[in-house]
Amino acid sequence: MKQRVELNGKTILVTGSPGFIGANLVLRLLKDMTSGTVVSLDNMNDYYDPALKEYRLSLIEKAAEESPVKHVFVQGSIADKALVDRIFAEYRPAVVVNLAAQAGVRYSIDHPDVYIESNLIGFYNILEACRHNPVEHLVYASSSSVYGGNKKVPFSTDDKVDNPVSLYAATKKSNELLAHSYSKLYNIPSTGLRFFTVYGPAGRPDMFYFSATQKLVKGETISIFNYGNCKRDFTFVDDIVEGVLRVMQGAPQKQTGEDGLPLPPYAVYNIGGGTPENLLDYIQTLQEELVRAKVLPEDYDFDAHKKLVPMQPGDVPVTYADSRGLEQDYGFTPSIGIREGLRAFAEWYRGYYGAAE
């Protein structure tokens with residue numbers, strides 16, 4: 001059972017906005033809500049080009065001018081406990097969406113410190129703040145990476161996920177465990193969302209489709225891992241936002257167990273496209289859409305700019321979401337295919353960076 005959570009008139013805290021998913025979520029809230037306040041919190045770090053975050057923030061500020069909803073941006077880190085506590089005390093958010101995290105599997109191999117700081121200490125600070133300033137619902141980003149090297153597909157939230165193959169994955173699994181304990185101890189309704197390979201306009205430049213585009217534009221060679229024998233459940237950002245928005249409005253029901261203590265109001269869902277795409281097919285579609293959008297010339301020699309290489313440490317060959325739980329509980333299944341999604345990205349890229357010379 002889900003407890004209905006009304007968003008209008010409330011204060012919503014979105015950490016990790018103006019990150020990729022966070023910015024798109026805030027834009028949707030500013031469009032859909034008729035009253036209330038949205039607080040964005042982000043440290044605007046330089047893990048990737050901060051100009052993209054500035055760009056997304058400018059879109060949010062422009063949307064806020066035309067929205068009945070108030071928007072407040074706070075620059076800072078969730079690892080700063082005093083700042084997190086101050087935001088909760090001042091704004092009293094009813095719903096918290098924690099998307100702030102150090103992302104990236106490969107980056108975690110060489111930069112472990114930032115993952116511990118943001119993904120563990122930062123998330124702990126959010127949980128503590130929710131404990132001392134009760135919220136109606138805490139929604140937080142987990143990741144498909146928690147499935148590690150699982151051979152069984154599609155990945156189900158009922159699967160055991162005790163064998164992460166990267167530090168990033170281990171921190172995300174830790175978030176789920178921490179949230180469960182806080183839900184049980186303090187009756188905090190919490191929902192974790194395991195995102196599957198999110199892509200789209202103004203996305204993260206470290207994601208393959210974006211970095212590959214930038215390399216092709218410069219005439220550089222792109223590396224295709226595991227010799228192209230990868231399948232990914234690519235999920236367009238609009239589908240992710242729709243899923244998050246629905247989940248925000250339906251919190252796990254508070255219930256009392258036979259022992260008189262709370263049953264943890266806790267849930268975890270996959271959000272994935274549900275149709276794993278072969279990496280080579282995805283690249284083929286990306287190429288076609290980059291040419292169509294005039295990001296690359298029609299006579300571009302793609303074969304000369306591709307090389308097949310072995311698997312990278314921390315990567316997995318297949319990701320495939322079983323999203324039936326999301327469909328059963330919230331009536332939503334991601335539906336935007338890679339052609340439509342990559343077309344939107346290619347057109348945005350051309351508008352942002354310009355056409356082929």
Side-chain angles (χ1 to χ4, degrees), residues 3-45 53-54 56-101 117-119 121-141 175 178-179 182-183 186-193 241 244-252 254 265:
Q3 181 74 42
R4 170 79 185 160
V5 178
E6 175 59 53
L7 302 182
N8 284 318
K10 306 274 179 66
T11 296
I12 318 289
L13 172 61
V14 181
T15 73
S17 164
F20 177 36
I21 298 172
N24 281 281
L25 176 62
V26 169
L27 287 168
R28 181 73 189 273
L29 291 170
L30 292 174
K31 181 166 155 274
D32 286 8
M33 287 170 64
T34 55
S35 60
T37 302
V38 176
V39 180
S40 292
L41 171 64
D42 196 86
N43 64 1
M44 302 292 278
N45 68 20
K53 294 180 184 175
E54 297 282 359
R56 298 191 204 111
L57 184 57
S58 72
L59 296 181
I60 290 170
E61 287 170 342
K62 188 176 173 194
E65 289 172 11
E66 297 160 15
S67 171
V69 179
K70 183 182 176 189
H71 177 257
V72 179
F73 175 63
V74 180
Q75 183 164 345
S77 170
I78 57 170
D80 181 345
K81 192 172 195 313
L83 174 66
V84 171
D85 289 347
R86 193 166 78 241
I87 289 170
F88 272 76
E90 184 175 343
Y91 294 103
R92 304 251 166 226
V95 177
V96 176
V97 185
N98 185 65
L99 302 172
E117 181 184 316
S118 180
N119 301 9
I121 295 169
F123 189 60
Y124 159 75
N125 290 340
I126 294 290
L127 288 169
E128 275 289 287
C130 290
R131 169 191 172 188
H132 294 295
N133 304 272
V135 298
E136 293 179 48
H137 197 185
L138 166 64
V139 180
Y140 61 94
N175 285 178
L178 288 164
Y182 270 71
S183 287
Y186 308 113
N187 219 11
I188 300 168
S190 73
T191 304
L193 298 174
V241 167
V244 173
L245 198 59
R246 292 194 187 205
V247 168
M248 287 167 68
Q249 296 171 80
K254 291 184 179 183

Run the side-chain donor-acceptor check on residues 87-99: report pairs under 3.5 Å with partners two or more places apart or on a different chain.
residue: R92; atom: NH1; partner: N133; partner atom: OD1; Å: 2.9
residue: N98; atom: OD1; partner: T15; partner atom: OG1; Å: 2.7

Requested in this report: Could you pull out all residues at least two apart from K62 that satisfy side-chain contact (heavy atoms from CB on, under 4.5 Å)?
Outcome: none
Report task. Looking only at non-hydrogen atoms, find the nearest pair between E117 and I121 and report the distance. Result -> O-CB, 3.3 Å
Query raised in the report: After noting the C-alpha distance and the side-chain angles of V135 and L13, does the key distance pass the side chain to side chain contact (heavy atoms under 4.5 Å, CB included) rule?
Result: CA-CA 10 Å; V135 298; L13 172 61; over 6 Å; no
**Report entry** Shortest non-hydrogen contact from D85 toward A129
**Finding:** OD1-CB, 4.2 Å
Query - S35 side chain to G9 backbone, donor-acceptor under 3.5 Å - result: yes
Requested in this report: Could you walk me through whether L83 and L41 pass the side chain to side chain contact (heavy atoms under 4.5 Å, CB included) test, one step at a time?
Outcome: CA-CA 10 Å; L83 174 66; L41 171 64; 3.9 Å; yes
Report task. Taking the side chain as every heavy atom from C-beta outward, state whether F73 and L57 have any pair of such atoms under 4.5 Å apart. Result -> yes
Report summary line: In short, S17 meets I60 closest at the heavy-atom pair OG-CD1, 3.5 Å
Report task. Taking the side chain as every heavy atom from C-beta outward, state whether M248 and V244 have any atom pair closer than 4.5 Å. Result -> yes
Query raised in the report: Nearest 0.5 Å, what's the OG-CG distance between S67 and L27?
Result: 10.0 Å
Query - For the student: nearest non-hydrogen atoms of F20 and R56, plus distance - result: N-NH1, 3.4 Å
Query raised in the report: Can you tell me how far NZ of K10 sits from CD of E136, rounded to the nearest 0.5 angstrom?
Result: 3.5 Å
Requested in this report: Can you measure from CG (L127) to OG (S190) and round to the nearest 0.5 angstrom?
Outcome: 7.5 Å
Report task. Report the relative orientation of the aromatic rings in Y140 and F123; use parallel for angles under 30°, tilted for 30 to 60°, perpendicular for over 60°. Result -> tilted
**Report entry** Value rounded to 0.5 Å, distance of CD1 in I78 from CD1 in I126
**Finding:** 5.5 Å
Requested in this report: Side-chain contact test, heavy atoms from C-beta onward, threshold under 4.5 Å: evaluate it for H137 versus P252 and give yes or no.
Outcome: yes
Query raised in the report: Okay, side chain of N119, backbone of A101: is any donor-acceptor separation there less than 3.5 Å?
Result: no
Requested in this report: Give, for atom CG of L29 and atom OG1 of T37, the distance between the pair rounded to the nearest 0.5 Å.
Outcome: 11.5 Å
Query raised in the report: Does N187 reach the side chain of P265, with side-chain heavy atoms less than 4.5 Å apart?
Result: yes
Query raised in the report: Can you tell me how far NE2 of H71 sits from CD1 of I12, rounded to the nearest 0.5 angstrom?
Result: 12.0 Å
Report task. Indicate yes or no for a side-chain donor-acceptor contact from K53 to the backbone of N43 under 3.5 Å, with no hydrogens or angles considered. Result -> no
